[in-house]
**Student:** 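If you scroll down you'll find the structure; I have some questions about it.
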Amino acid sequence: MKRVLTFGTFDLFHIGHLQILKRAKALGSYLIVGISTDALNYSKKHRNPICNQTHRKEIIQELKCVDEVFFEESLELKRQYIIETKADVLVMGDDWKGRFDEFNDICEVIYLPRTPSISTTELIEIVREI
Ligand code: C2G
């Protein structure tokens, strides 16, 4: 049984999020998702997510392709999370390409191409203009 781990905020859940989760699951048999907390998101993006962490986690854990979820409190804890979840594979979108190569010593690190033409930021901009 291959355990796959991925991370993300998954704010305003959209097709790009679904596709990366489905492709991540297809690389193994058990998918674990680390959901960025609101505080971590603020530190990364300097704004609060539209949907709070409880709601974002609830949505992700209901997906058919997802087996387990937890809160990602800090970007610095990646190694600990990989060890704790016993992940065989770490999957991230290629906007993070190269950023997690240091974990190649404890798991396989795979970057998947992002789904083009959709992002939470773009959705927010479209809604703002309406
Ligand atoms: N994604 C994608 N295609 C899109 C948009 C997003 O494949 N059009 C992927 C991202 O590459 C990422 C995942 O969906 O792997 C979640 O995206 P975000 O919610 O934007 O995640 P982010 O805030 O970048 O958090 O520790 C890493 C971070 O927590 C990742």
Side-chain angles (χ1 to χ4, degrees):
M1 189 168 98
K2 214 172 187 181
R3 294 168 69 85
V4 183
L5 174 63
T6 192
F7 293 90
T9 308
F10 305 103
D11 192 22
L12 297 181
F13 192 79
H14 60 66
I15 192 70
H17 295 148
L18 183 63
Q19 280 179 356
I20 198 158
L21 292 174
K22 285 169 76 173
R23 285 182 294 160
K25 176 63 174 266
L27 293 170
S29 45
Y30 193 83
L31 179 61
I32 307 152
V33 185
I35 317 274
S36 299
T37 58
D38 294 339
L40 173 57
N41 197 261
Y42 193 86
S43 73
K44 282 191 297 189
K45 300 182 182 170
H46 311 292
R47 65 165 179 80
N48 282 315
I50 307 285
C51 305
N52 71 44
Q53 61 190 49
T54 311
H55 292 172
R56 291 184 286 109
K57 185 165 170 253
E58 211 173 310
I59 290 167
I60 302 298
Q61 73 192 7
E62 285 300 319
L63 298 173
K64 240 197 296 185
C65 57
V66 173
D67 297 290
E68 196 178 312
V69 293
F70 67 94
F71 281 128
E72 178 191 29
E73 309 268 357
S74 162
L75 293 179
E76 314 310 318
L77 294 175
K78 280 252 155 32
R79 184 169 291 274
Q80 188 183 313
Y81 294 137
I82 295 167
I83 294 168
E84 278 172 6
T85 59
K86 299 183 173 65
D88 302 296
V89 190
L90 172 64
V91 174
M92 290 302 299
D94 61 3
D95 46 329
W96 291 89
K97 199 167 183 121
R99 299 273 297 275
F100 303 122
D101 288 355
E102 64 186 282
F103 306 121
N104 261 316
D105 59 337
I106 51 169
C107 68
E108 193 181 347
V109 181
I110 298 178
Y111 304 97
L112 294 176
R114 278 169 68 94
T115 302
S117 313
I118 184 146
S119 72
T120 301
T121 310
E122 280 169 71
L123 288 177
I124 292 171
E125 275 162 21
I126 290 165
V127 173
R128 266 210 185 112
E129 279 163 22
I130 291 172

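All values below come from the heavy atoms of this structure, side chains included, with hydrogens, waters and symmetry mates left out. Keep in mind that this is a model prediction, so the values were computed, not measured. Just so you know, ligand 1 is whichever comes first in the structure, and atom 1 is the first atom listed for that ligand.
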**Student:** Just verifying a value: how many Å separate R56 CZ and T54 OG1, rounded to the nearest 0.5 Å?
**Tutor:** 8.5 Å
**Student:** Could you go through T120 and T9, starting from their C-alpha distance and side-chain angles, then the distance that decides it, and tell me whether this counts as side-chain contact (heavy atoms from CB on, under 4.5 Å)?
**Tutor:** CA-CA 10 Å; T120 301; T9 308; over 6 Å; no
**Student:** Write none if no such pair exists; otherwise list each N/O atom of ligand 1 with its protein N/O partner under 3.5 Å and the distance.
**Tutor:**
residue, atom, partner, partner atom, Å
ligand 1, 3 (N), T115, N, 3.1
ligand 1, 8 (N), T115, O, 2.8
ligand 1, 8 (N), I118, O, 2.6
ligand 1, 11 (O), D95, OD1, 2.7
ligand 1, 15 (O), G93, N, 3.1
ligand 1, 19 (O), T9, N, 3.0
ligand 1, 19 (O), F10, N, 2.8
ligand 1, 21 (O), T9, N, 3.4
ligand 1, 23 (O), T9, OG1, 2.8
ligand 1, 23 (O), K44, NZ, 3.1
ligand 1, 23 (O), K45, NZ, 2.6
ligand 1, 24 (O), W96, NE1, 3.0
ligand 1, 25 (O), K44, NZ, 2.9
ligand 1, 26 (O), E72, OE1, 3.3
ligand 1, 26 (O), E72, OE2, 2.7
ligand 1, 26 (O), K78, NZ, 2.5
ligand 1, 29 (O), S36, OG, 2.9
ligand 1, 29 (O), K44, NZ, 2.9
ligand 1, 29 (O), E72, OE1, 2.7

**Student:** So, Y30 and E68: side-chain donor and acceptor under 3.5 Å apart, yes or no?
**Tutor:** yes
**Student:** Tell me every residue that passes side-chain hydrogen bond (donor to acceptor under 3.5 Å, both in side chains) with R99, counting only those two or more places apart in sequence or in another chain.
**Tutor:**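 Here no residue qualifies.
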**Student:** Is K78 positioned over the aromatic face of F103, cation under 6.0 angstrom from the ring centre and no more than 45 degrees off axis?
**Tutor:**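 Cation-pi check for K78 and F103: fails.
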**Student:** Has D38 got a side-chain atom pairing as donor or acceptor with N52's backbone, closer than 3.5 angstrom?
**Tutor:**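 No, because the side chain of D38 does not come within donor-acceptor range (under 3.5 Å) of the backbone of N52.
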